[in-house]
Amino acid sequence: GQNIDQPTEMTATEGAIVQINCTYQTSGFNGLFWYQQHAGEAPTFLSYNVLDGLEEKGRFSSFLSRSKGYSYLLLKELQMKDSASYLCASQPNSGNTPLVFGKGTRLSVIA
Amino acid sequence: DVKVTQSSRYLVKRTGEKVFLECVQDMDHENMFWYRQDPGLGLRLIYFSYDVKMKEKGDIPEGYSVSREKKERFSLILESASTNQTSMYLCASTFLSVTGELFFGEGSRLTVL
């Protein structure tokens, strides 16, 4: 089975750092995706982790620990435009099984 | 620039009507998907297709059917719309593997009265 957990909502201050956690319990795990979705828009790809460790991409970083079934998305120097939902998705190791999404974390950045 | 285009951004239909949601991608992707997104429930997979004329049920296929007659086009059909099908519908596609990076359309917000 597949189960993905992430917090429903978070609030952070402009300029700060925020960490959005995602835990997964999946049978046959290959990798983990993070997507960003602004209100009323389509989700867009942010990051993909298949190996343990931190992947940095500008202000955004994503971390994966396969042994702990845990990932996080780290957003630095928060800007108002970072207010969005962040979706965590587990990638199965079976080529015929689609991604499994968490319910998303709605991040509000306040001044 | 890659593009997934959904035919309608907003639709209002009546209970019992047949509804067609169309999706076209211009990236020559093998795999296409239909999701619905509801507050508190996240993205839920309705159907996906890994080849022309092929389809697979997702997590919530009841009340829906799909059609993929051409590689670039994937249609979602509600045979008899019901109020509980009021939702945001998102189409997506991936290259090669069904587990690859998803490219999403802008979404179609359907209201069933």
Side-chain angles (χ1 to χ4, degrees), chain A residues 1-10 20-24 26-50 55 57 60 62 64 84-108, chain B residues 1-6 8-10 21 23-25 27 29-51 54-61 66 74 87-109:
Chain A
Q2 315 277 343
N3 191 39
I4 314 278
D5 285 312
Q6 50 183 132
T8 305
E9 291 189 45
M10 298 182 72
I20 302 174
N21 296 325
C22 171
T23 59
Y24 60 90
T26 62
S27 53
F29 174 82
N30 190 63
L32 196 118
F33 286 88
W34 284 95
Y35 285 82
Q36 180 190 56
Q37 186 179 23
H38 286 100
E41 297 183 12
T44 55
F45 170 81
L46 277 180
S47 69
Y48 172 61
N49 293 69
V50 65
E55 295 271 347
K57 195 186 292 185
F60 291 13
S62 56
L64 178 66
S85 289
Y86 292 86
L87 312 179
C88 164
S90 166
Q91 178 191 48
N93 61 9
S94 161
N96 296 323
T97 308
L99 304 188
V100 178
F101 280 88
K103 294 180 180 177
T105 299
R106 184 185 301 175
L107 174 67
S108 298
Chain B
D1 207 12
V2 297
K3 203 155 178 70
V4 179
T5 304
Q6 295 184 227
S8 305
R9 287 298 306 270
Y10 301 95
L21 299 179
C23 175
V24 177
Q25 49 95 3
M27 299 167 282
H29 282 179
E30 283 75 14
N31 312 291
M32 297 187 74
F33 306 77
W34 275 106
Y35 291 88
R36 63 177 285 177
Q37 187 173 36
D38 302 286
L41 297 178
L43 278 171
R44 292 182 291 167
L45 182 63
I46 305 171
Y47 269 97
F48 66 102
S49 168
Y50 53 87
D51 200 353
M54 304 305 291
K55 61 184 180 184
E56 293 284 343
K57 292 180 180 179
D59 300 315
I60 51 163
V66 290
F74 192 36
S87 186
M88 171 67 86
Y89 290 88
L90 287 162
C91 176
S93 68
T94 64
F95 181 58
L96 289 178
S97 169
V98 298
T99 63
E101 178 190 341
L102 286 157
F103 292 84
F104 285 91
E106 292 295 315
S108 298
R109 183 166 292 282

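Letters go in sequence order (proteins before strands), and every chain restarts at 1.
- Of the atoms belonging to Phe48(B), it is side-chain heavy atoms, and not backbone ones, that fall under 4.5 Å from chain A.
- Looking at every heavy atom in both residues, Tyr35(B) comes nearest to Leu99(A) through OH-O, 4.4 Å.
- Tyr48(A) places no side-chain N or O within 3.5 Å of a backbone atom of Gly100(B) that could act as its donor or acceptor partner.
- Rounding to the nearest 0.5 Å gives a distance of 11.5 Å between CG of Leu90(B) and CD of Glu41(A).
- Using a 4.5 Å cut-off between heavy atoms, Arg44(B) does not touch chain A at all.
- Of the listed residues (Leu102(B), Asp59(B), Leu45(B)), just one forms a side-chain contact (heavy atoms from CB on, under 4.5 Å) with Pro98(A), and that residue is Leu45(B).
- The shortest non-hydrogen separation linking Ala42(A) to Glu106(B) is CB-CA, 4.1 Å.
- Counting all heavy atoms, side chain and backbone alike, Phe104(B) lies closest to Pro43(A) at CD1-O, 3.5 Å.
- Of the two parts of Gln37(B), only the side chain, counted from C-beta on, holds a non-hydrogen atom closer than 4.5 Å to a non-hydrogen atom of chain A.
- Taking the ring centroids of Phe103(B) and Phe45(A), they lie at or beyond the 6.0 Å cut-off.
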